[in-house]
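Below is one structure, written out as structure tokens; the observations come after it.
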Amino acid sequence: MHERGVFLIRTVQRSLLALALSFAGGVSAGEVKVAVAANFTAPLQAIAPAFEKATGHKLVASFGATGQFYAQIKNGAPFDVLLAADDTTPARLEREDASVPGSRFTYAIGGLVLWSADASYLDGTDAALQAGQFRHLAIATPKAAPYGLAAMQVLDKLGLSEAVKGKLVEGQNITQAHQFVSTGNAELGFVALSQVYQDGKLGSGSAWIVPEAMYEPIRQDAVILQHGASNPAAAALVEYLQGAEAARVIESFGYKLP
């Protein structure tokens with residue numbers, strides 16, 4: 001089926017789902033528990049107050065690595081919504097009947113950046129990475145974090161994987177990788193663009209924004225989980241995330257929209 005046709009069908013499905021849940025749950029405010037990919041921490045913290053004000057629902061967020069959230073969800077963690085750092089984990093949960101059919105959508109497309117807390121370390125290119133004059137290069141663990149996997153794809157494409165092997169320090173998630181760099185424990189590291197970028201500019205330090213062609217697209221999908229199937233607050237959140245106000249915030253952190 002044509003891609004736009006699929007999109008329209010899913011939009012209708014989501015609208016019907018939201019309508020059904022609103023009737024099921026009445027109009028009283030509720031609470032939505034959200035598992036959020038670590039790279040989306042700052043945007044969601046900016047979105048949450050506006051969502052709560054607009055809907056009356058309370059948003060309770062947990063931040064971490066998508067792979068770890070998958071394991072927790074499969075073990076019964078009571079999350080209503082997953083905002084993943086990839087599109088494969090929500091699709092897998094959908095195949096395993098762990099999510100609400102028709103509720104999955106892409107809420108952001110992430111960017112990767114090589115970043116240093118030192119404002120003079122990087123010159124907007126990969127020259128410092130190629131020179132190798134550093135002791136530690138931070139990344140999120142590729143096994144659980146899509147941004148870590150993307151970092152390894154970049155190193156492979158540059159032919160540097162073996163050269164930097166002994167210098168890699170892996171964070172459990174992208175937040176920890178960012179902490180390694182921001183605290184000076186690593187001179188530079190691959191982090192999410194959203195962690196160092198807001199309102200169209202770099203917040204601090206120096207950076208090389210990695211060209212998108214050097215890694216597979218980081219499409220970040222959201223899905224309502226079975227635990228949230230009858231929760232109107234969960235449906236309200238996924239609807240809000242697809243609205244104009246949320247889109248403005250998401251783009252301000254350097255993400256692209258589908």
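Since this is a predicted model, take the numbers as computed values, not measurements.
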Legend entry - Which atom of Ala138 lies closest to which atom of Ala177, heavy atoms considered: CB-O, 3.7 Å
Inset, instruction - Look at atom CD of Gln172 and say whether more than 12 heavy atoms of other residues, nucleotides or ligands are closer to it than 6.0 Å. - result: no
Legend entry - salt_bridge(Lys256, Glu212) N-O dist < 4.0 Å: yes
Inset, instruction - Could you tell me whether the side chain of Gln130 reaches within less than 4.5 Å of the side chain of Leu158, counting heavy atoms only? - result: yes
Inset, instruction - Give a yes-or-no answer on whether the side chains of Thr66 and Asp86 include a donor-acceptor pair shorter than 3.5 Å. - result: no
Inset, instruction - Indicate yes or no for a side-chain donor-acceptor contact from Trp115 to the backbone of Ser204 under 3.5 Å, with no hydrogens or angles considered. - result: yes
Inset, instruction - Hey, could you give me each pair passing ring-ring contact (aromatic ring centres under 6.0 Å, His included) that has a residue in residues 193-240? Not counting sequence neighbours. - result: Phe51-Tyr240
Legend entry - Exercise: do Tyr70 and Glu96 side chains pair donor with acceptor under 3.5 Å: yes
Legend entry - Ionic contact status for Lys33 with Asp80, cut-off 4.0 Å: no
Legend entry - Criterion side-chain hydrogen bond (donor to acceptor under 3.5 Å, both in side chains) on Ser116 and Asp118, from CA distance to verdict: CA-CA 5 Å; Ser116 173; Asp118 184 339; 5.4 Å; no
Legend entry - Asn173 (side chain) donor-acceptor with Gln176 (main chain) under 3.5 angstrom: yes
Inset, instruction - With sequence neighbours left out, write down each residue that passes side chain to side chain contact (heavy atoms under 4.5 Å, CB included) with Ala46, or none if nothing qualifies. - result: Val249, Phe253
Inset, instruction - Check whether Leu188 and Ile174 end up in the same hydrophobic cluster, where Ile, Leu, Val, Met, Phe, Trp and Tyr are linked by side-chain heavy atoms less than 4.5 Å apart. - result: yes
Legend entry - Proximity of Phe40 and Tyr107 rings by center, below 6.0 Å: yes
Legend entry - Expected output: side-chain Thr55 to main-chain His57 donor-acceptor under 3.5 Å: yes
Inset, instruction - Say whether, by atom type as modelled, one donor and one acceptor occur between the side chain of Glu251 and the main chain of Arg248 under 3.5 angstrom. - result: no
Legend entry - Ser99 side-chain N/O to Val223 backbone N/O, donor-acceptor pair under 3.5 Å: no
Legend entry - Step-by-step side-chain hydrogen bond (donor to acceptor under 3.5 Å, both in side chains) determination, Gln220 to Asn39: CA-CA 10 Å; Gln220 301 192 194; Asn39 74 84; 3.3 Å; yes
Legend entry - Leu168 vs Leu155 side-chain heavy atoms within contact, under 4.5 Å: yes
Inset, instruction - For the pair Ser206 (side chain) and Leu122 (backbone), establish whether a donor and an acceptor sit closer than 3.5 Å, ignoring hydrogens and angles. - result: yes
Legend entry - Flag, side chain of Glu245 to backbone of Ala50, donor-acceptor distance under 3.5 Å: no
Legend entry - Heavy-atom donor-acceptor pair, Gln68 side chain to Gly64 backbone, under 3.5 Å: no
Legend entry - Any side-chain donor near an acceptor of the partner, Glu31 and Asn231, under 3.5 Å: no
Inset, instruction - Mark yes or no for whether Glu187, through its side chain, and Arg135, through its backbone, hold a donor-acceptor pair below 3.5 Å. - result: yes
